[in-house]
Amino acid sequence: MVIIDRDGGGSPPVDELEAALAALAVDPPASLSARIFAQWCRVTSPTGDLYVAFSDQGISYVRTAEAVGDDETVFLESFRARFERPLLAADRPPPGLLPAVRTGRTRPLRFDLGQLTDFERAVLTVTAQIPAGQTRPYGWVAKEIGRPKAVRAVGTALGRNPVPVLIPCHRVTRSDGVPGEYVFGPQAKERLLRAEAVNLDEVRELASERIFYLGSDTTGIVCFPTCHHARRITAKHRKGFRNIEQAAEHGYRPCLHCRPGIATGDAVGA
DNA sequence: GGGCGGGCGGGAG
DNA sequence: ACTCCCGCCCGCC
């Protein structure tokens with residue numbers, strides 16, 4: 001390590017100076033306006049264009065072009081109504097956004113969820129893990145965050161998701177096989193799911209037979225019907241279950257990938 | 001099979 | 001602070 005000699009008389013301790021300089025060095029202001037104002041851009045995605053607001057903290061707000069009637073002023077106004085801050089046009093999209101929307105892999109994106117409560121952030125963090133082409137029930141999200149009875153509150157939190165599509169709350173569906181409500185309306189939710197090849201017709205058909213889980217009698221593993229692994233079960237080995245207890249009685253254990261019916265015990269907290 | 005109450009977080013008053 | 005009310009729900013009648 002290089003030590004630069006400094007005269008000691010009257011100046012602050014060297015380690016303090018170094019700490020201050022290090023803080024500046026690791027967090028350089030890219031530009032003053034980028035630090036104060038959020039920026040916005042419009043990007044093309046396979047499911048339609050998106051308006052995206054972001055700062056150096058991450059992506060903070062998303063609307064579909066469809067939802068704002070293809071009108072950027074509607075987007076800007078909706079941002080201002082929620083955040084009470086202005087928005088500047090960006091020179092370029094935030095890092096990683098273009099490949100993320102092109103491939104549908106939005107998980108590595110950085111988000112600025114600072115306005116949200118801990119509960120809402122927990123809900124969105126879990127939701128962000130749901131792979132494209134798969135769905136999970138609201139109750140699953142509730143269990144995953146350790147609040148198994150807060151099912152409806154999960155819906156409320158997802159309804160306030162500031163970054164829909166990128167944090168895929170459209171992949172959280174009702175337990176009876178219908179997609180359920182959505183910020184941009186149920187039909188937008190259904191369209192997004194179909195675009196990522198979720199077989200909603202099959203899910204609905206299974207649900208009508210009271211089948212909400214699928215297992216393979218060759219592996220003894222049970223999954224949500226849209227799980228990547230469930231979709232590989234051949235017809236003759238596929239077993240349907242109404243609930244995870246029934247599957248367990250038949251000797252099936254939950255898939256480690258889609259984690260159906262994870263028992264979490266009592267809710268955490270007050 | 002839909003209606004009903006349980007359940008819970010958050011915001012309004 | 002406390003109550004009331006609403007909401008992308010759930011599962012049992």
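Side chains are part of it too, since the values below use all heavy atoms of this structure and drop only hydrogens, waters and symmetry mates. Within every chain, numbering begins at 1; the chains are lettered A, B, ... in the order of the sequence lines, protein sequences first and strands thereafter.
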Assuming nearest nucleotide by heavy-atom distance, tell me which of A:D118 and A:R152 is located more 5' along DNA chain B.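 That would be A:R152.
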What stem regions, each of at least 3 consecutive Watson-Crick or G-U pairs below 3.5 Å, can be found for DNA chain C?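 Expected stems, ordered by start: B:2-6 with C:9-13, B:8-13 with C:2-7.
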Integer-rounded Å distance: [N] [atom2] and [X] [atom1]:
{"X": "A:F119", "N": "C:dC9", "atom1": "CZ", "atom2": "P", "result": "14 Å"}
{"X": "A:L158", "N": "B:dG10", "atom1": "CG", "atom2": "C1'", "result": "14 Å"}
{"X": "A:I145", "N": "B:dC8", "atom1": "CD1", "atom2": "P", "result": "12 Å"}
{"X": "A:R121", "N": "B:dG10", "atom1": "CZ", "atom2": "C1'", "result": "14 Å"}
{"X": "A:R204", "N": "B:dG1", "atom1": "CZ", "atom2": "P", "result": "14 Å"}
{"X": "A:L192", "N": "C:dC8", "atom1": "CG", "atom2": "C1'", "result": "13 Å"}
{"X": "A:Q246", "N": "C:dG11", "atom1": "CD", "atom2": "C1'", "result": "15 Å"}
{"X": "A:W140", "N": "C:dC10", "atom1": "CH2", "atom2": "C1'", "result": "17 Å"}

Touch class at under 4.0 angstrom, heavy-atom based, for [X] against every strand present:
{"X": "A:V183", "answer": "base"}
{"X": "A:S175", "answer": "sugar-phosphate"}
{"X": "A:Y138", "answer": "base"}
{"X": "A:G139", "answer": "sugar-phosphate"}

Which nucleotide in [options] has an atom nearest any side-chain atom of [X]:
{"X": "A:A153", "options": "C:dC9, C:dG7, B:dG10", "result": "C:dG7"}
{"X": "A:K149", "options": "C:dC9, C:dC8, B:dC8", "result": "B:dC8"}
{"X": "A:R160", "options": "C:dC8, C:dC9, B:dG11", "result": "B:dG11"}
{"X": "A:P137", "options": "B:dC8, C:dC10, B:dG10", "result": "C:dC10"}
{"X": "A:R242", "options": "C:dC10, C:dC8, C:dC12", "result": "C:dC12"}
{"X": "A:T117", "options": "C:dG7, C:dC8, B:dG10", "result": "B:dG10"}

Between [Y] and [X], does any NZ, NE, NH1 or NH2 come within less than 4.0 Å of an OD or OE carboxylate oxygen?
{"X": "A:R80", "Y": "A:E84", "value": "no"}
{"X": "A:E144", "Y": "A:R259", "value": "yes"}
{"X": "A:R105", "Y": "A:E196", "value": "no"}
{"X": "A:D49", "Y": "A:R63", "value": "no"}

Take A:Y51 and A:V68 through the test side-chain contact (heavy atoms from CB on, under 4.5 Å) and record every step on the way to the result. CA-CA 9 Å; A:Y51 289 100; A:V68 296; 3.4 Å; yes
Do A:F212 and A:F241 make the cut of ring centroids closer than 6.0 angstrom?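 No; A:F241 has its ring centre 6.0 Å or more from that of A:F212.
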Out of curiosity, A:C41 SG to A:L98 CG, how far, rounded to the nearest 0.5 Å?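 It is 7.5 Å, given to the nearest 0.5 Å.
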Under 3.5 Å, is there a donor on one side chain and an acceptor on the other for A:S78 and A:Y61?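 A donor-acceptor contact under 3.5 Å links the two side chains.
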